[in-house]
Amino acid sequence: MNRRLITSALPYVNNIPHLGNLIQMLSADVFARFCRSRGYETLYICGTDEYGTATETKAIEEKKTPRELCDFYFKQHQQIYDWFDIAFDKFGRTSNEECTEITQMFFKDLDKNGFIKEHTNKQLFCPHCSMFLADRYVHGTCPKCGKEARGDQCDSCGSLLDPTELIEPRCQTCGTTPEVRETKHLYIDLPSISKNLDEWMSKTSKEGQWSDNAINITKGWIKNGLNERAITRDLKWGIPVPKEGYENKVFYVWFNAPIGYISITKQLANELTKEGKESFDWKSWWLPEESDSSDAKTPVNLFQFIGKDNIPFHTVVFPCSQIGSKRNWTKLYHMSSTEYLNYEDGKFSKSRGVGVFGTDAIETGIKADAWRFYIFYNRPEKQDYQFTWKEFREKYNSELIGNLGNLVNRTLLFVTKYYDGKIPVAEKDTQMWDKVLELENKVTNNLEWANLKDAFHQIFEISDIGNKAFQEGEPWKTRTENPEAAKKLIYNLCYVIKDLMILAHPYMPQFTEQILTYMGKTICEPKLKEKFIEGALNWSNLGKLEGLSEISNPQVYFTPLDQKTADAFKEKFSGSQKQREEKEAKKNKKKAEEKVILAEDQKSFFNEKIQLKVAKIIKVEENPESDKLYIETLDDGSGTPRIIQSGLRLYLKPEDLLGKSIILASNLAPRKMRGIESHGMLLACDYKNAEGKDCVEVLEAPWAEPGTVITVEGMESTTKPEEISADDFFKVELKVSGKTVVVDGAKLLVNGKPIETKFADNTGVN
């Protein structure tokens, strides 16, 4: 059984990834999860691409060193991929010693074998910056389509360019018109390698079933004749060139970036060795003939997931480097490439900040698996696809919730309500399972070749069979009129759902694992090396009607997205990131100006308008539509439970809140948050702990009974029955001074005792 080596295009580290960037990493994640579930020895490698012009340019913009910039954005990338639950075997970085070592090894092999040429060429030089300008440092007009373009590529027509070809070029850093000067560079001799490349490509593209766009683009490059391609650049941030006379140059990022797949694998091996964990030989995956590992005897198939703009570098440039080195490197077997995902009426653009970015997706409160669903349901495999909020809402509500979610919810809740949570035992419905198993085989066959979209749609076809069976079977009637028929239907549907969770797990891991826990199926931790998932998620369990017995406390996982919310997101994420930031800054400035009142009015305004009371938290739940909000049920002394919400999930656990006697802003007007109406707000303040971590402390009055009114020192308490807006509430500035809560210097009292903090000091109250 061949081993599966999986890579996805290395995301560039100079910005936050958007949904279009995420497609490749998520696609490789689906395929890797499928392979592990099938029992294949699987390795999924990815990491941030950190060298090159784009990093230097961004570092100048943000007034950071390139290393500081990479360190910052690497953490941002990691957090986003963790939230999307991408199960890399290793997510590394190209700015490491392993990448330097292996890139230089490639170069030395190519040079020794006669495939490196030196040429003096003309390059743009900025007299103001006193430097040669690499591709991305130059902007101008594309000579082929007349649109704005960078020096390396035109995003509008897709043409690869030389910076000297641009019309009216200008320096990206200072805007100066650059001069043409001579400089020496090293080139890889692609024409001399092309014969071997053509033979390899003709054979592998058929055996590995490359996607059509990968074949057509690669054939186009070969047919038009390959040219020698520069592999060095006049930059400082990059891998040094180990050749005399080139001490002030570095390797071109597209020469060393694909080598990053190999170097990150070695990085993983070195880390495991250093940690004293199991032996892992990187060469067994990439250079089997030079490996002493017994694993190297098993052939490796390399599956690569990329966007169409990166195809030539993975099917021409990198394979030529491998062939020219005259070492038997593991080469591309299957190429899964996609077209572009566009945004509303334009394009996703990382450089221009247009679209929905990873941080935006997190901020919406929409679950990660809902985003994963949308991406795979509409994966742009044959043609570009247009993301719109309207269509996102429609597909999310109709297919994810209305089809798959509906089958799961109605079946599991039926078992809970009418069978006391015990799955009834009955006969197999052969007619239903014939249809289901036929589709399951199609899903499996499609996933074997990473046909992710077709397989995903077939999963929803299975769900549709289940929904129709439920509707036609009318178990709400037959439960009393024909109990055996109802039992047979529900019994079979429970196992169909079990199979659906196995099939859909690679696509939506968090949702499927949660549903399986309701069904009593255990989710085993993956092994370190193979990440082979045992137990409930093993592909071999498909079609088996065994192992289920009861349903335990099922909950609705996905909740509908209403039109108003979708429209609000469309408005919020319109324009570029820069425009959004400016808009938000103006909004915050206006809000800050509105809430400031003359200091002498603070106490009087508070005493006349704002009602604070003590309330005890008697129940804490998570808002299913938000990753930030808790739903708290309070005893406020009125005899009727009160519901509020707080954005504390990132800081406190439910047990940290349960039973606390908190301070409640009790006369705030109700506000709907993520589908739940909040009647008031608890008060808290921010602080940093000893390690510098951001923390939140909730204000408490444990000595007071629920309903006790908070007063201002030196003032008589007044009754405030009228509701006030949040804007009115924030017109008073509550502070913590000397660990005591004050308004305009006066203490807030509960039964004559001041409200004090344990940790927070010299901070505001929120």
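All residue numbers in this chain count up from 1 along the given sequence. All values derive from a computational prediction rather than experimental measurement.
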Engineer: Would you say the side chain of Gln555 lies within less than 4.5 Å of the side chain of Tyr518, judging by non-hydrogen atoms?
Structural biologist: yes
Engineer: Using a cut-off of 6.0 Å, state whether more than 12 heavy atoms not belonging to Gln383 lie near its atom CD.
Structural biologist: no
Engineer: Give a yes or no on whether a salt bridge exists between Lys308 and Glu339, defined as a side-chain N under 4.0 angstrom from a carboxylate O.
Structural biologist: yes
Engineer: Would you check, one step at a time, whether the test side-chain contact (heavy atoms from CB on, under 4.5 Å) holds for Gln78 with Trp83?
Structural biologist: CA-CA 9 Å; Gln78 271 194 317; Trp83 186 80; over 6 Å; no
Engineer: Test Leu664 against Met681 for side-chain contact (heavy atoms from CB on, under 4.5 Å), laying out the working first.
Structural biologist: CA-CA 6 Å; Leu664 170 72; Met681 175 178 68; 5.7 Å; no
Engineer: Looking just at side-chain N and O atoms, do Ser463 and Asn403 make a donor-acceptor pair shorter than 3.5 Å?
Structural biologist: yes
Engineer: Do any N or O atoms from the side chain of Asp635 and from the backbone of Pro706 form a donor-acceptor pair under 3.5 angstrom?
Structural biologist: no
Engineer: Could you tell me if Ser336 and Arg379 have a donor-acceptor pair between their side chains, going purely by distance under 3.5 Å?
Structural biologist: yes
Engineer: Only one of Asn310, Asp29, Thr338 forms a side chain to side chain donor-acceptor pair (under 3.5 Å) with Gln24, so which one is it?
Structural biologist: Thr338
Engineer: Decide if atom CZ of Arg671 counts as having more than 12 heavy atoms of other residues, nucleotides or ligands within a radius under 6.0 Å.
Structural biologist: no
Engineer: Would you say the side chain of Lys367 lies within less than 4.5 Å of the side chain of Tyr557, judging by non-hydrogen atoms?
Structural biologist: yes
Engineer: Is Glu363 paired with Lys572 through a side-chain N to carboxylate O contact shorter than 4.0 Å?
Structural biologist: yes
Engineer: Before you tell me yes or no, could you show the steps for Tyr385 and Glu391 under side-chain contact (heavy atoms from CB on, under 4.5 Å), namely the whole-Å CA-CA distance, both residues' side-chain angles and the distance that decides it to 0.1 Å?
Structural biologist: CA-CA 11 Å; Tyr385 195 84; Glu391 203 242 3; 2.2 Å; yes
Engineer: Heavy atoms, side chains only, cut-off 4.5 Å: are Cys685 and Val696 in contact?
Structural biologist: no
Engineer: Short question: side chain of Glu381, backbone of Lys453 - any donor-acceptor pair under 3.5 Å?
Structural biologist: yes
Engineer: Give a yes or no on whether Tyr651 atom OH has more than 12 heavy-atom contacts from other residues, nucleotides or ligands under 6.0 Å away.
Structural biologist: no
Engineer: Can the ring centroids of Trp371 and Phe392 be said to lie less than 6.0 angstrom from one another?
Structural biologist: yes
Engineer: For Leu493, does its backbone N or O pair with a side-chain atom of Thr411 as donor and acceptor, under 3.5 Å?
Structural biologist: no
Engineer: Spell out, as yes or no, whether a donor-acceptor pair under 3.5 Å connects the side chain of Arg649 to the backbone of Pro654.
Structural biologist: no
Engineer: Do Leu400 and Lys395 have side chains that get closer than 4.5 Å, going by heavy atoms?
Structural biologist: no
Engineer: Looking at Lys672 and Glu677, is any side-chain nitrogen of the basic one under 4.0 Å from a carboxylate oxygen of the acidic one?
Structural biologist: no
Engineer: Have a look at His77 and tell me which of Tyr73, Tyr81, Phe74 forms a ring pair (Phe, Tyr, Trp, His ring centres under 6.0 Å) with it.
Structural biologist: Tyr81
Engineer: Here's a test for you: under side-chain contact (heavy atoms from CB on, under 4.5 Å), which of Val415, Asn409, Val408 qualifies with Leu412?
Structural biologist: Val408
Engineer: If I compare all heavy atoms of Gln602 with all of Asp744, which pair ends up nearest, and what's the gap?
Structural biologist: CB-CB, 3.7 Å
Engineer: Can you confirm whether or not the ring centre of Phe373 sits under 6.0 Å from the ring centre of Tyr507?
Structural biologist: no
Engineer: When you compare the side chain of Pro380 with that of Tyr340, does any pair of heavy atoms fall below 4.5 Å?
Structural biologist: no
Engineer: Flag the pair Ile663 / Ile710 as yes when at least one side-chain heavy-atom distance between them is below 4.5 Å, and no otherwise.
Structural biologist: yes
Engineer: For a ring-ring contact (aromatic ring centres under 6.0 Å, His included) check, start with the C-alpha distance between Tyr374 and Tyr396, then their side-chain angles and the critical distance, and finish with the verdict.
Structural biologist: CA-CA 7 Å; Tyr374 180 83; Tyr396 171 71; 9.8 Å; no
Engineer: Quick check: closest heavy atoms across Phe605 and Asp728, and the distance to 0.1 Å?
Structural biologist: CE2-O, 3.4 Å
Engineer: Where do Met508 and Leu404 land on the side-chain contact (heavy atoms from CB on, under 4.5 Å) test, with the steps shown first?
Structural biologist: CA-CA 12 Å; Met508 299 182 290; Leu404 182 58; 3.7 Å; yes
Engineer: If you look at every heavy atom in Leu612 and Phe606, which pair is closest and at what distance?
Structural biologist: CD1-CZ, 3.7 Å
Engineer: Compute whether any side-chain donor of one residue and acceptor of the other, for Thr565 and Asp562, lie under 3.5 angstrom apart.
Structural biologist: yes
Engineer: Quick one: do Arg33 and Asp85 make a salt bridge, cutoff under 4.0 Å?
Structural biologist: yes
Engineer: So which atom in Val698 and which in Leu648 form the shortest heavy-atom distance, rounded to 0.1 Å?
Structural biologist: CG2-CD1, 4.0 Å
Engineer: Taking all non-hydrogen atoms of both residues, which atom of Phe729 and which atom of Leu683 are closest, and how far apart?
Structural biologist: CZ-CD2, 3.8 Å
Engineer: If the threshold is 4.0 Å, N to carboxylate O, is there a salt bridge linking Lys442 and Asp454?
Structural biologist: no
Engineer: Would you say that Asn467 contacts Arg410 through its side chain, given a criterion of any heavy-atom pair below 4.5 Å between the two side chains?
Structural biologist: yes
Engineer: Check this for me: Lys616, atom NZ, are more than 12 non-hydrogen atoms of other residues, nucleotides or ligands nearer than 6.0 Å?
Structural biologist: no
Engineer: Distance alone, cut at 3.5 Å: any donor-acceptor contact between the side chains of Asn446 and Gln458?
Structural biologist: yes
Engineer: May I ask you to test the Leu503-Ile462 pair for a side-chain heavy-atom distance under 4.5 Å?
Structural biologist: yes
Engineer: Donor-acceptor pair, distance only, cut-off 3.5 Å: does the side chain of Ser678 make one with the backbone of Ile644?
Structural biologist: no
Engineer: Measure across Ala615 and Asp636 and return the closest heavy-atom pair with its distance rounded to 0.1 Å.
Structural biologist: CB-CA, 4.0 Å
